[in-house]
Amino acid sequence: MSADAPSRFAVLLDSDFVYSFRKSRVTLIATLVTVSIIMAALLAPWIAPHDPFDVATLSLLDSELPPAWAEGGDPHFLLGTDNQGRDVLSAILYGSRISLAVGFVSVFFALVAGVAVGLISGYFGGLVDAIFMRIADVMLSFPTILVALLVSGIVRGALPREMHENAALAVLVFAIAITTWVQYARTVRGSTMVERGQEYVLAARLVGRSSASIIFRHILPNVMGPVLVIATINLAMAILIEATLSFLGVGMPPTNPSLGTLIRVGNEYLFSGIWWVVIFPSLTLVVLVLAVNLMGDWLRDALNPKLR
Amino acid sequence: AAKTLRMADSTDIAAMDPHSMTESNTIGFLNHVYEGLVRYNDELQVEPALAASWEFVDPTRVRFHLREGVTFHNGNPFTADDVVASINRAADDSSPVKSNLPGVASIEKVDDLTVDLVLKGTDPIVLNYLTNIYILDKEWMDKHDALLPSDIRAGKENHAVANSNGTGPFMLESRQPEAKTVLVANPNWWDTPKHNLSRIEFSPIASDATRIAALLSGELDFITPAPLQDIERINGSEGTSVIEGPELRTIMLGFNYGDTLHDSNLTDANPLQDLRVRQALNMAIDMDLIQKKVMRGKSRNAGLLVAPPVPGYDAALDERSPADPAAAKALLAEAGYPDGFEVGFDCPNDRYVNDEEICQAVTAMWARIGVKAALNAQTKSKHFEKVLAGTSDIYMVGWATLPMLDSYSVLSALLHTKSDRMGAWNPGGYSNPKIDELTDKVAVELDQAMRTAMMSEALGLAKDDVAIISLHQQPLAWAVRDGVNLKVTADNKPRLWYATVD
Amino acid sequence: MTATSEPLVSMQGLKKHFDVSPPWLNRMLERKPRLHLRAVDGLDLEIPRGTTFSLVGESGCGKSTVARLVVGLYAPTAGSIRFEGTDLTDRPAGDPPAIRRRMQMIFQDPYASLNPRWRVRDIIAEPLKCFGMLPDRASEDREVGRLLELVGMNSQDGEKYPHEFSGGQRQRISIARAISSKPDFLVCDEPTSALDVSVQAQILNLMKELQRELGLTYLFISHDLAVVHFMSDFIGVMYLGRIVETGPARQVFANPQHPYTRLLLDTIPDITMARRDREPVAGEVPNPIDPPPGCAFHPRCPFSDARCRSELPELRNAPSGARTACHAVAEGRLADGPVRAVPSTPAQMPT
Amino acid sequence: MLAFIVRRLLQAVLVMLAVALIAFAMFRFVGDPVNSMLPEIATTEDRQALRAQLGLDEPIPTQFAKFIGGAVQGEFGISYRNKRPVSDLIVERLPATLELVFAAALFALLMGVPMGVYTALNRHGFVSNLLQIISLIGISVPTFVTGILLILIFSVWLNWLPSFGRGEVVQLGWWSTGLLTISGLKSLVLPSVMLGLFQVTLIMRLVRAEMLEVLRTDFIRFARARGLTDRAVHFGHALRNTLMPVITIAGLQLGSMIAFAIITETVFQWPGMGLLFIQAVSFADIPVMSAYLVLVALIFVVINMIVDLLYFVVDPRLSVGGDRA
Amino acid sequence: MKQSGPLLEVRDLSVVFDTRRGPLTAVDRISFDLSPGEILGVVGESGAGKSLTGTAITGLLERPGRIGGGEIRFEGNRIDNLPPEQMRRLRGRRIGAIFQDPLTSLNPLFTVGRQLVETIQTHLDLGREQARQRALELLAEVGIPAPEKRIDHYPHQFSGGMRQRVVIALALCANPKLVIADEPTTALDVSIQAQILAVLKKLCREHGAAVILVTHDMGVIAETADRVAVMYSGRIAEIGPAAQVVKAPRHPYTEGLMGSIPVIGTGADRLTQIEGSMPRLTDIPAGCAFHPRCPCARADCAAVRPEPRPVGDGKVACVLYDGGGI
Ligand SMILES: Nc1ncnc2c1ncn2[C@@H]1O[C@H](COP(=O)(O)OP(=O)(O)OP(=O)(O)O)[C@@H](O)[C@H]1O
Ligand SMILES: Nc1ncnc2c1ncn2[C@@H]1O[C@H](COP(=O)(O)OP(=O)(O)OP(=O)(O)O)[C@@H](O)[C@H]1O
Ligand SMILES: [Mg+2]
Ligand SMILES: [Mg+2]
């Protein structure tokens, strides 16, 4: 209890949490990879050699060029071009942007909705809880991929025509979010029911704190640990679900492709020797999902004090 | 020796009942089991089949003399009763095939081997229609309560949907939907077989990659279609090769001729009504490039809405002028759109060869003259729903003129002013009185030369008007294992009674 | 131990029944009735100002439920609670602030009672904030520092998080929080049962000091009779939601009347009784959902008779000065049973 | 237990209603079935007539009422495309999908459980870490990519296994099975691996996590203190106690595997319900689509119910007569 | 009933945790003997190392914990370095263990009988039926009424006290010579506690087993144990006959500990309290671990770690007694 305590940052650096992070080389690499992919995606408009979405700049003359190092490659197109003459590298950069956007935004919405429902259900119980949990049961009673398939089908059909182009992203996000919020809700509800009875919550009630204030100031911070873990895993899942939906033809349109769409389109060229159109986006997707999963894995262990 | 041909197509046959649907791959496949009064040979010429000969008793009555000694697979003899029952069945109100028999008023039995087909009016192409109308055994239908095709409304199944009894060169041995349909050669076929097959094993494989893999791994002898981008690979692999040919189907882009566009920044005008704009859009498309890159040199660029084998085709008109973006831009400016405009552009993504890729390329080319097309590529059922609802600005369609194999098909469905019976595929509302007039005449003109001239004239008018942009005839590519000898027919229907296996 | 005549806190006929029925559907199908758990079943209690009143009893007898009823965390099923004459019966915790400020609680578990994500200073300042007792952050900081020192900690400790402290220190933080709103009345629900004896001594001493300095009144709950003996002025012995014996602590310990009180006193392990073979008590604590009829203790009581099995005994003044709810005591049936009197001098060691 | 079953049944009804609503809502948005039912040259008149014949021009509430009415009786009408009763089509395809899913589930369990146990018992071993990472790759690669790669390697290059279809099937009553022929078994390998790969990872990770959790419990420590052999401790006690969550997840996964089978069946041309569904989507074959949805929901509900009932078998704490002395 | 030669000898036993900040010594060179049939109480604050001592003896230390030094002899043979398989054979057969929480010590999915039979068959060469017979006898012995009815029940069908009896029965399956009971009554009600202790004592008397009874309840120790070891910060501060340690503690820590226990019948207004708290493992002070809190601390306390010296019938580790006793 000395007065000259080390700075908070030093304390953080010294914490078990950070230590376990620094000790796990795999996690370090995974984080590095994820961050670079995210950065590259964010900076795509500046670092991508071409704008693959500006159709006016595409030339069929450049189509199906192999990677720059291969025979017949063009140095302008590092990873080659696809059947429309689109630069594969740029398409990947922009595609990861969309994949990540789908992942992050859907996780965000699912998380916010799920956590809110979980907190309310768990804290107040009773009828609200019963209703929410029955809804959750129904959601859980149906495979994610099918729900996503149906939701995107229906929403696409129900939306006014002129919104279609821009709606694809929103539809995907919605479809994925609506199938994943349940996990957050269940987890948070469970921990909230435990926390609700904890004595620190009782102490807060004793001083007349409102339920809302108790939920947000006291309980929320204490139930976020597992939520974070689910969020990372779901980020990876969402990116994959989007890719799978693309495969089934309800993903992003090829004019605005995500990694999944790029793979779906490239897939058709797998036997024709134009391997680069499918291999590079697939690799990016696998590496990204793997890295995010590895981070989620580590987070799960790190946040579980019993596993130390 | 027993020769088995293992083949795969991208879709399964829908049903065994030839009057229950009109899908051309199913109709084509069923032609091995069932036959019509007439059939197309491998040159797409009408030739006698179950009818040995025919004559026009008067302009609206055709008399068919049926082939003698033909038996159905179950041994029943083939007679005029079967023809009457079958034509009535096909033309029934509940039959989707009735659209393929538009001019038929009734069918009358003259004697056991003669029937008269009574027409509503003069119909020069009635035989073409009949190539698609197959004959079933009346007794068999009677026995199985299948005298009418299945009625969806009533929710009643029809025996003919899963079973068959035809006169064709092959007989159904077994069928597992979506898995395998096995045909065996009909030893009692009336015709002299040109094939040497004893057995056909047909499997549908929807995934292109899997279908090719199965061919390459030796599990299949014959696949349709072979994706263009894989031709090289297949030809490069030992033991497999691609057989190609042009298809009848012409790919084209239709326009919205209404007063406003559906998907545009312009709200009070429709530039597509202006001929110069349509010309500009046409000129901007570099079909040579698309032919070379997207279609890998396999397609046939088209200046006309029909392919060469189709009567009415005129080689002189078929020339497609090379792309000229500069001129196109000038025309646009002249029409008052120097900066172009936005427009909706609808495409299927699973209907035609590289349909979506073509549209993407076209979008890019139009972008270069300032026209920003909002490309909406979607699955065929949704695409055509949208197109036919008339809510599309520019849309892709392909037209093979089948089963008529005649330019009249294009004139009546695509170019004629929209009405109850005409212009079913003219949702954009194109209307040219001259073309309408010619079309109506062609419908009843029996003189083949005059008919053809009139059709060519009408097609020429459409071309001048850029009523519909014609792009190309798409290529047909099938792939076979070495030793399979087969000719590609332009209607995309393999005729395996011509096939041999070494 | 200056007990004034007017009690600070009083409870009349206080009841708390929990509905522990199976879900509606089960009741319908299995034809089961609604089930009520009578955690507290008619409690009369008065706590004089400035004194410590202790509740003892086995696990599950309803001690914590009483504590929570008093501070308003539970709404009573029946009966009333008064604080300085004000009726608080149906007021939730924290309401009205002017009075609730004056009653606070110390919890059993020093680990669960502090929010792990909050700094100690925020934890201690929470009541100050919520009751709007201090104008600005600076005075809040000062007050937190003062409180920390009052409970024997360093004023700088406020910047740390709870996990950086030992159990004893955490309990001190709990106490600092509880007294921050300057309460008159503290409810302490087993405040030391999670602690080691040596730490327990520190906390108990601290609580006594604070009582002296701040004039606090305690409702003290424990199952450890020795601790209760050390802390209390008055004592109430609970069995299955009811008080079976109550009175000044000294009298109850010196002269326990109710058989259950005697049993409790007899079974506590005592360091002064080396290598003693305690006579194990037969039987188990009955189920509060389905309490035995009559006197709830009768199945375990060596003195029970037919009346005990059917008639519920009332709290009555016993000759000792305490009040006891026991037919046997009332009838004088209860001679010197096999219960142990509290030795006045430590027993001799066996060699 | 009776109340429990009744509650589950009510829930099931809720699920089925929700699904029916979704299925019906799909009617309006999957495209116009009429266009794919008629030849291109069909006139506008013909199209209208067919639309009326199918009842597509009736008011929506009427259509919904008819749909529910039929669905309740398990009647979904006649397939627009195949012209056969949808119930027949489904019954025909059900065995293929179920065999595929169960083979995949079996594969997942046989791989996942031992791997999970191994990695839990050797938490810090090199092989464990390797397995952990490799298994992650299993859930990072999109399944359709895996499928194509499997075909490429095992069919095209090595020529060991068939690339499509179910091989020879044997008819046992209405059930067609591929499990009794060599070619049927060979055909089953690649698709079930593709479908099961994801689940292997899932189950392995689940078993590992649960096992670690259980290994820390007092009763395991006590079991060791009693001198039980490692075998008895790990497999008799720990594994048995990890079963509960594994059962739940495996049950839930079984349902989602039926859904995921859509992709596997597409890739391997496996003649199951998923393929039927996908084909129906592209032909706007509404009766088939809705029947599929309802059936999947039903299977899901049934599986969940079985899982819940299994709990009663596995965990004595839940069973009736759990009276306390 | 003393025999010649101790049953268990612990010499300079250390338990070390390897952490990223280096090894932490949780049990620091403790030594004691245990004669057959003897009950040794181990007391001390939470975290003093009581449980670890027991765990080390049963060979159940888990990573990152390990025995850091010293030796343990059981019936004259070293057992601290036995291979796991041999140690396992010893556990349950010769050394039994009982843990604190009867709720969690039994596998909820197996019947009590199955767990008993399994343990009996692991150690004794008995058939299924014989094992079951023995299980029934054991249950009867620990005072479970109607054992033949209860044997096929699941743990959740027993009450806490009964479960703890089952646990005791399990520990005694193979008549072990040594039973390590780690806080066997802490989770139980006072009245039940007495029952359990009575059962335990009776069984030891009858089976002649020695017991290490870990607890922090001085009352339990005083009533039950023959000898007491008082642990502080991983070390034994004082060990000796129960009466002596409780009545006349020698070590200042023991003294403080005894003083801080409220006793009914004394009218003190204040309990003796030891200021401060036990150090964490990471910063155990040099010399005598107790010296910063010790009222009698001297200058050399911080420098030299006092070794246990015989004082009276026991041993005390404190400089006050370095001179050879008072
Ligand atoms: N919220 C609740 N719902 C249902 N039953 C409850 C609830 N709270 C307490 N009980 C029950 O009420 C009875 C009394 O509980 P209470 O916590 O007051 O006992 P206690 O004397 O404090 O016991 P302990 O010494 O174990 O803390 C118990 O049987 C308990 O199970
Ligand atoms: N896995 C571990 N890693 C690091 N330190 C540990 C571990 N397990 C125990 N310790 C430490 O070892 C010391 C002794 O623990 P032990 O469990 O023996 O204490 P105890 O005297 O039994 O306490 P209690 O009365 O709480 O049971 C404690 O300080 C504890 O923090
Ligand atoms: Mg309590
Ligand atoms: Mg311990």
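Keep in mind it's a predicted model, so treat the numbers as computed, not measured. Here is how names work: the chains are called A, B, and so on, in the same order as the sequence lines, proteins then strands, and each is numbered from 1.
Here the shortest heavy-atom pairing between A:Ala136 and A:Val182 reads CB-CG1, 3.7 Å. Smallest separation of non-hydrogen atoms from A:Ala236 and A:Val289: CB-CG1, 3.7 Å.
When the shell of 6.0 Å around CZ of A:Phe174 is examined, it contains 12 or fewer heavy atoms from other residues, nucleotides or ligands.
Residues A:Phe280 and A:Trp275 place their aromatic rings such that the two centres sit under 6.0 Å apart.
Side-chain polar atoms of D:Thr119 and D:Gln132 form no donor-acceptor pair below 3.5 angstrom.
With a threshold of 4.5 angstrom between heavy atoms, D:Leu152 approaches chain A through side-chain atoms but not through N, CA, C or O. Within the 4.5 angstrom heavy-atom criterion, atoms from both the backbone and the side chain of A:Leu290 approach chain D. No part of D:Ile303 comes within reach of chain A, as not one of its non-hydrogen atoms sits under 4.5 angstrom from that chain. With a 4.5 angstrom heavy-atom cutoff, A:Ile233 touches chain D only via side-chain atoms. Residue D:Ile262 touches chain A through its side chain alone, counting heavy-atom pairs closer than 4.5 Å. Contact annotation for A:Val26: only side-chain heavy atoms (C-beta onward) come within less than 4.5 Å of a heavy atom of chain D.
For the set D:Ile148, D:Asn129, D:Val145, the count of heavy-atom pairs under 4.5 angstrom toward chain A peaks at D:Ile148.
Counting heavy atoms from C-beta on, the side chains of D:Phe277 and D:Val288 never come closer than 4.5 Å.
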